[in-house]
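Below you'll find the structure, written out as structure tokens, and then a few comments.
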Amino acid sequence: MNGATINLLYFARVAELVGKRAEAWPLDGEATGAQLLAALGERYPQLAPASRLKLAINQTHAKPSAPIRAGDEVAVFEPVTGG
């Protein structure tokens with residue numbers, strides 16, 4: 001591990017479930033959004049199913065296949081429903 005991290009931001013119910021609004025997350029090299037969500041699900045089982053969560057990378061909505069690199073800011077939130 002080279003000490004590289006991403007800045008994870010948690011919103012709304014996700015923040016309540018993990019008990020924090022943000023954390024530094026170690027990242028060696030590159031990962032996809034789907035890989036990050038899987039790792040979040042392992043660390044925080046209360047988020048299950050974590051695959052339903054949405055991501056924004058550097059303030060842009062991202063698909064699960066989007067690459068995440070060290071230094072990125074990644075927001076994690078639940079899908080928004082409208083009415």
Side-chain angles (χ1 to χ4, degrees):
M1 176 86 62
N2 63 8
T5 62
I6 58 174
N7 185 30
L8 281 180
L9 306 176
Y10 302 115
F11 290 92
R13 180 133 173 81
V14 176
E16 293 172 18
L17 288 170
V18 301
K20 58 184 94 173
R21 304 274 302 153
E23 73 177 302
W25 186 276
L27 182 72
D28 260 347
E30 186 177 294
T32 65
Q35 289 170 323
L36 175 62
L37 289 175
L40 280 170
E42 288 178 20
R43 183 179 289 182
Y44 302 111
Q46 63 272 34
L47 292 176
S51 60
R52 74 180 171 23
L53 298 174
K54 301 294 182 190
L55 299 175
I57 301 170
N58 299 322
Q59 301 182 6
T60 301
H61 284 266
K63 296 181 186 226
S65 59
I68 299 171
R69 296 174 185 90
D72 283 348
E73 176 187 84
V74 181
V76 182
F77 52 95
E78 291 190 311
V80 178
T81 58

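One-based numbering along the sequence shown.
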Contact check, side chains of Val74 and Ile68, non-hydrogen atoms, under 4.5 Å: yes
Within 6.0 Å of CZ in Arg13, more than 12 heavy atoms from elsewhere: no
Common cluster, Trp25/Leu9, ILVMFWY with side-chain heavy-atom separation under 4.5 Å: no
Which atom of Ile6 lies closest to which atom of Gly71, heavy atoms considered: CG2-N, 4.2 Å
Side chain proximity check, Val76 to Leu47, heavy atoms < 4.5 angstrom: no
Check against side-chain contact (heavy atoms from CB on, under 4.5 Å), Val18 and Leu40: CA-CA 10 Å; Val18 301; Leu40 280 170; over 6 Å; no
Only distances under 3.5 Å count here; give the side-chain donor-acceptor pairs of residues 50-66 to other protein atoms, sequence neighbours excluded, each with its distance to 0.1 Å.
{"from": "Arg52", "atom 1": "NH2", "to": "Glu78", "atom 2": "OE2", "distance (Å)": "3.1"}
{"from": "Asn58", "atom 1": "OD1", "to": "Glu73", "atom 2": "N", "distance (Å)": "2.9"}
{"from": "Asn58", "atom 1": "ND2", "to": "Asp72", "atom 2": "OD1", "distance (Å)": "3.0"}

Residue pair Tyr10 / Glu23, side-chain donor-acceptor N/O under 3.5 Å: yes
In one Ile/Leu/Val/Met/Phe/Trp/Tyr side-chain cluster, 4.5 Å: Leu17, Phe77: no
Test salt bridge (charged side-chain N to carboxylate O under 4.0 Å, His left out) applied to Arg69 - qualifying residues, sequence neighbours left out: Glu30
